[in-house]
Amino acid sequence: MNKTININLGGYFFHIDETAYQKLRRYLDAISKSLSDDPQGKNEIIADIEARISELLSEKITEARQVVNEQDISNIIKIMGEPEDYEENETGYTDNSSSYQRKKTSNRKLYRDGDDKFLGGVAAGVGHYLGIDAIWLRLLLIALFFSAGFGFLIYIILWVLLPEATTTAEKLEMEGEHVTIDNIEKKIREEFSAIKETLEDGANNVKKKVADGFQKNGKKATSGLQELIGVIGIIFSVLFNMIGKFIGVIIIIFSSIILVLLFLAIFSLGSFELLGYGEDFINLPNFMFDSLIPYWVLAIALFVLIGFPFLILFVLGLRIISSNIKKLGKTVSLSLLGIWIIALLTLLFTGIELGTSSAYNGTKISASELVIKPTDTLHLEMINDDMLFFQETLTRSSKRVFVSDNKLEKIYSTNIKVAVEKSNSETSSIKIRKVSEGRNKTKATENATGIDYKYEEAQNTLQLNGFFLSHLTYRFSDEVVYATIYIPENSTVFLDKTTQSFLYNIASIDSMYDADMVGHYFKMTDKGLDCTDCIEKPII
């Protein structure tokens with residue numbers, strides 16, 4: 001009669017007779033001695049061997065027979081291999097991976113591969129089981145998701161149902177290899193080599209690759225609810241990560257476009273300036289021509305002022321996409337900030353110059369008599385040069401456009417104000433008052449003198465240009481032309497419909513709005529213009 005002993009092997013309790021126990025202990029001691037000179041993963045190897053033996057014993061023990069005997073241990077040693085076999089193959093472990101081949105078996109088991117996972121390791125695990133690369137399964141799942149819409153559902157179901165291969169024995173089973181001492185030792189060596197290569201910087205929080213025990217499939221599976229909650233958490237984490245990456249790509253694209261456009265614009269400005277054609281080819285503000293600073297320097301300052309923030313955004317986008325991109329160093333950051341401040345001060349100085357360039361108003365006045373007789377009716381109308389700039393409806397506006405007059409670039413404006421007043425003499429006359437701006441009174445008056453405005457008197461009709469031209473460099477100046485027609489008392493004037501938007505503060509006896517006066521005849525009286533053909537409103 002043999003004594004029975006209770007032992008804890010791989011996290012499970014077994015009843016084993018004394019003879020079998022002694023044989024098992026000698027077997028494990030022999031394995032331990034063979035690994036005594038190996039500092040890498042000895043404890044992990046022993047733990048996995050015990051876990052594998054525990055699994056094999058659990059398969060052999062039935063309800064009818066609970067005690068492990070010597071024959072059971074002998075059968076297990078045949079499966080696991082003798083320690084002497086392990087020692088003979090030990091020299092091959094330091095060779096390249098191509099120098100030995102682990103024996104494959106068709107008895108694969110389906111697990112999730114936690115070492116090669118994108119989300120849960122489902123595709124990698126199924127790939128091991130089917131013997132194909134995981135990338136093709138991932139592409140298939142993506143295609144099913146976008147085409148049929150159920151690829152994601154399949155993945156979630158497999159994620160919940162399949163256990164993860166955590167122990168070395170499970171990983172060997174997943175890859176279709178025999179769980180022997182030799183294969184367990186090789187697998188652990190490979191894992192330690194991979195960890196060493198991945199963590200060259202000395203990370204201290206490496207997750208334990210090999211579990212401490214070999215447990216049954218039922219006990220090591222996570223509960224369905226707990227697993228589902230974990231899956232949902234990972235999904236949201238991945239989604240937020242993808243959204244962040246997408247935002248990073250948008251930032252990179254947007255900032256790159258702005259930087260390229262700014263560079264092309266500044267390069268063009270600088271090229272024309274160096275060639276001496278800046279003023280002829282490029283329409284720039286007056287202050288940039290008159291500034292003490294060359295306008296190509298101002299253009300570079302403008303590029304720095306706008307471009308540097310987008311450069312920072314570009315780097316930020318790169319850092320969002322890749323954690324390998326390091327942030328700008330302190331020296332570089334301070335240098336960029338200094339350059340940006342210099343550009344800002346340069347443009348502020350130029351902006352002050354812009355303000356002073358229009359600090360004064362200048363006026364140029366010209367007057368001449370009209371040949372119309374006091375007894376005749378003066379027809380007043382506005383005309384435009386459609387060959388110069390076509391407008392379907394001629395209206396007063398402060399908007400200014402560029403036109404070419406005799407191959408010279410000029411500013412076209414319709415900011416003209418027309419008024420009709422009582423003359424102090426028996427003759428009719430017209431006074432043109434042109435107003436412009438400048439950095440001083442003399443310059444402002446010079447600018448006003450340069451305004452090109454014309455009118456023409458033909459028989460009893462006075463045709464006023466509905467536009468005026470000015471020099472290109474004064475396009476930011478506030479310019480206006482006042483045309484005032486003086487007619488003697490009892491003289492009649494007809495306001496053509498073309499004058500509707502140009503009339504300005506005309507005094508009439510009936511206090512009519514300027515826009516309502518067009519298309520009517522008016523007689524000049526001592527109190528102002530009196531409409532002679534207007535229909536009087538009935539008195540209620």
Side-chain angles (χ1 to χ4, degrees), residues 269 273 278-299 301-302 345-368 382 384-385 388-389 394-421 429-456 464-486 501-506:
L269 291 175
E273 168 68 8
E279 187 171 351
D280 295 332
F281 282 85
I282 306 172
N283 298 326
L284 293 176
N286 182 27
F287 76 93
M288 294 191 74
F289 288 119
D290 297 337
S291 177
L292 298 175
I293 303 174
Y295 79 80
W296 62 269
V297 176
L298 297 177
L302 185 63
L345 294 176
T346 301
L347 292 175
L348 283 177
F349 173 77
T350 309
I352 293 173
E353 277 196 310
L354 173 62
T356 57
S357 66
S358 58
Y360 293 89
N361 288 329
T363 302
K364 177 63 175 179
I365 299 176
S366 60
S368 61
M382 309 296 295
N384 185 43
D385 188 347
L388 188 65
F389 184 78
L394 188 60
T395 58
R396 184 179 71 195
S397 173
S398 59
K399 180 181 178 181
R400 313 176 79 184
V401 297
F402 304 104
V403 296
S404 179
D405 181 36
N406 294 327
K407 296 183 179 180
L408 295 177
E409 293 294 325
K410 291 188 177 182
I411 300 299
Y412 173 98
S413 176
T414 59
N415 193 15
I416 300 171
K417 299 179 179 180
V418 178
V420 179
E421 297 183 7
S429 62
I430 181 172
K431 181 172 69 175
I432 303 297
R433 182 164 61 96
K434 297 179 286 187
V435 180
S436 187
E437 297 175 337
R439 66 179 66 253
N440 52 55
K441 192 70 175 178
T442 302
K443 185 64 175 178
T445 302
E446 179 182 339
N447 295 344
T449 304
I451 294 176
D452 182 11
Y453 181 75
K454 298 177 182 179
Y455 62 90
E456 183 178 352
L464 301 175
N465 279 359
F467 66 95
F468 66 86
L469 303 176
S470 60
H471 197 276
L472 180 66
T473 57
Y474 306 142
R475 68 177 181 272
F476 285 100
S477 300
D478 187 9
E479 296 180 327
V480 60
V481 171
Y482 295 91
T484 305
I485 294 91
Y486 296 92
S501 65
F502 295 93
L503 299 180
Y504 180 73
N505 287 342
I506 296 180

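Summarising the geometry, atom CG belonging to L302 is positioned 11.0 Å from atom OG1 belonging to T346; distances are rounded to the nearest 0.5 Å. Separation of atoms OG (S436) and NZ (K364) is listed at 13.5 Å; rounding is to 0.5 Å. To the nearest 0.5 Å, the span separating NE2 on H471 from CG on D452 amounts to 12.5 Å.
The shortest distance between side-chain heavy atoms of I432 and I430 falls below 4.5 Å. Side chains of S404 and E409 form a contact here, defined as non-hydrogen atoms less than 4.5 Å apart. Side-chain contact between L464 and I485 is present, with heavy atoms from C-beta onward closer than 4.5 Å. E479 places none of its side-chain heavy atoms less than 4.5 Å from the side chain of I411. For the pair Y453 and I416, the minimum side-chain heavy-atom distance is below 4.5 Å.
A donor-acceptor pair under 3.5 Å is absent between the side-chain atoms of T484 and the main chain of A419, judged by distance alone. Remark: side-chain polar atoms of T414 are paired, donor with acceptor, to backbone N or O of S397 under 3.5 angstrom. Distance alone, capped at 3.5 Å, places no donor-acceptor pair between the K410 side chain and the L469 backbone. Not one N or O on the side chain of D478 forms a donor-acceptor pair closer than 3.5 Å with the backbone of E437.
Across K434 and A448, no two heavy atoms sit closer than the pair O-CB, 3.5 Å. Between R433 and T363, the closest heavy-atom pair is CG-CG2, 3.4 Å. The minimum heavy-atom distance linking N447 with G438 is given by the pair ND2-CA, 4.0 Å. Nearest heavy atom pair, residue F502 against residue T395, reads CZ-C, 3.7 Å.
Considering only residues two or more places apart in sequence or on other chains, Y455 meets the ring pair (Phe, Tyr, Trp, His ring centres under 6.0 Å) condition with none of them. In this view, Y504 and R396, K417, Y482 satisfy the side-chain contact (heavy atoms from CB on, under 4.5 Å) rule, not counting sequence neighbours. Applying the ring pair (Phe, Tyr, Trp, His ring centres under 6.0 Å) criterion to F467, with sequence neighbours excluded, gives Y412.
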